[in-house]
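To keep things clear, I will list the structure first and then write my remarks on it.
Just so we're on the same page: letters track the sequence lines, and every chain starts at 1. What you see is a predicted model; the values in this text were computed from it and never measured.
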Protein chains: 2
Amino acid sequence: MRQKSGDKDKRIAAAAIRVFARDGFHGAKITRIAREAGVATGSVYLYFKNKESILHHLFDALWKELHAAFDEVAHRRDLTAHEKVEEIIDRIFDQFGRDPSLALLFVNEQHQLLRQESGRFMQYYVDFLQLGERVVREGMRSGEFRSDIDARMFTNLVFGAARQLLHQWARAPRQFPLPTVRRQIKSVFLHGLLASR
Amino acid sequence: MRQKSGDKDKRIAAAAIRVFARDGFHGAKITRIAREAGVATGSVYLYFKNKESILHHLFDALWKELHAAFDEVAHRRDLTAHEKVEEIIDRIFDQFGRDPSLALLFVNEQHQLLRQESGRFMQYYVDFLQLGERVVREGMRSGEFRSDIDARMFTNLVFGAARQLLHQWARAPRQFPLPTVRRQIKSVFLHGLLASR
DNA sequence: ACTGGGACTGAATCACAATTCAGTTATAAG
DNA sequence: CTTATAACTGAATTGTGATTCAGTCCCAGT
């Protein structure tokens, strides 16, 4: 009997990232994904239950990696809270910086999943925010951070800001070079906009 | 001959905000919008060319108001750059704070429009960002702001952060009371997270 | 008090694209 | 070399929901 060719699932997933990023989940046609992956339309359904499950597969992999990265940082003993905040920001950009399509996908289609039933993706999201919150609290206890900041809101600020700049970078990488973006985010969030008093 | 009943267009638009916000643009059914507006399905097409044009109508109104508000703030002579930044943040929240559905709509469906042809919405967006940029530069010239910050990126940071907190607020107003949110955003962006040296 | 024409209705039409499946092809096992 | 079975194909099927339109309903003008 015949063997599955081995990398079709990878090729389909990779094509889906590009097509979802370009056309949006709803604008993306399965036939287009299949064509870009170099397989027949029907073959997509040998590897994925349906269109939505492709999206799930992609986000699942994405969040798993993010989660692992964050978790590792949060538990490091050798970093101050300040350094952890910087490291977490770096990890976000490490994750998406390799592929603008991946960044666009994440930035534009995440809300589809939050609307969804299962709550699986909601969980990743909540976990991430809680983890950020924990790091900020840690910094407050140690006196590194101002204690009049709401840790949950701060984490959301960083997440939202990173999301926005990732989006801009993905649309025009030259206008928003990633090294500069990282530097600016850290600098603004840690020191603020005002000239030092 | 008969007169148009007068407020059907308003009722349809208002219903559309709720339905788009709840179900997303693609998940929203015209029949549902009509039902919530208390009109027949077909009537929607007497007031709007098609589903997409409803979205356009809503965003057009939204951006026009935002644009007017920002423009006014940017040209005020009686405010320092610092105060302008705070005022712009306030205007964003004034605009959306009255209606969580409006906030969700803006936050979740904006990207549909940026993908679109005409560039009409892109223009609003770009204008807003340039305006923010201008205010930041102004503050740098006057010495109020640090001059090692990239003005364009800073504006994006604020926009992205505001978007995220608006989203969280719309999903759970109690968890993210708007007055606190405003205060935190301003405080973090102006002074940063670190305890003062 | 009639009537012409626009407002309004909602069931029927229609377009589109996700999904299926009957047929074809490749290859592992004997 | 055969054959059985699973991989693979892409045209046909199908479900869904946006849009249309044939008919009603109202009322401004006469």
Same cluster (ILVMFWY, side-chain, under 4.5 Å), B:V85 and A:I149: yes

Set of side-chain contact (heavy atoms from CB on, under 4.5 Å) partners for A:V19, sequence neighbours left out: A:R22, A:D23, A:A28, A:R32, A:I33, A:E36

May I have the distance from [X] (atom [atom1]) to [N] (atom [atom2]), rounded to whole angstrom?
X	N	atom1	atom2	value
A:I33	D:dG10	CD1	C1'	16 Å
A:L46	C:dT25	CG	P	17 Å
B:R32	D:dA18	CZ	C1'	17 Å

Does the ring centre of [Y] sit less than 6.0 Å away from the ring centre of [X]?
X	Y	value
A:F189	B:F189	yes
B:F159	B:F128	yes
B:W63	B:F106	yes

Any side-chain donor near an acceptor of the partner, A:Q112 and A:E52, under 3.5 Å: no

Donor-acceptor side-chain pairing of B:T41 and B:R35 below 3.5 angstrom: no

Under 4.0 angstrom between A:S43 side-chain N/O and D:dC8 OP1 or OP2: no

side-chain N/O A:Y47 vs D:dA7 OP1/OP2, d < 4.0 Å: no

N/O donor-acceptor pair under 3.5 Å between B:S53 side chain and B:H56 backbone: no

Which donor-acceptor pairs under 3.5 Å do side chains of residues 164-177 of chain A form with protein atoms, sequence neighbours excluded?
from: A:Q164; atom 1: NE2; to: B:Y125; atom 2: OH; distance (Å): 2.9
from: A:Q164; atom 1: NE2; to: B:N156; atom 2: OD1; distance (Å): 2.7
from: A:Q168; atom 1: NE2; to: B:N156; atom 2: OD1; distance (Å): 2.9
from: A:Q175; atom 1: OE1; to: B:R152; atom 2: NH1; distance (Å): 2.9

Distance under 6.0 Å and angle within 45° of ring axis: B:K51 vs B:F25: yes

Grab the N/O contacts between the protein and nucleotides 22-24 of chain C below 3.5 Å, and write none if there aren't any.
none

Any pair counted as salt bridge (Lys or Arg N to Asp or Glu O under 4.0 Å), so long as it reaches residues 61-70 of chain A, sequence neighbours left out: A:D60-A:K64, A:E65-A:R98

Sugar-phosphate only, base, or nothing, as touched by B:F48 at under 4.0 Å among non-hydrogen atoms: nothing

Selected nucleotide, minimal atom distance to A:A40 side chain, candidates C:dT9, C:dA11, D:dG10: D:dG10

For DNA chain C, the residues among residues 8-23 of chain B that have a non-hydrogen atom under 4.0 Å from it: B:K8

What nitrogen or oxygen pairs link the protein and nucleotides 15-18 of chain C at under 3.5 Å?
from: C:dA17; atom 1: OP1; to: A:K29; atom 2: NZ; distance (Å): 3.3
from: C:dA18; atom 1: OP1; to: A:A28; atom 2: O; distance (Å): 3.1
from: C:dA18; atom 1: OP1; to: A:K51; atom 2: NZ; distance (Å): 3.0
from: C:dA18; atom 1: OP2; to: A:I30; atom 2: N; distance (Å): 2.8

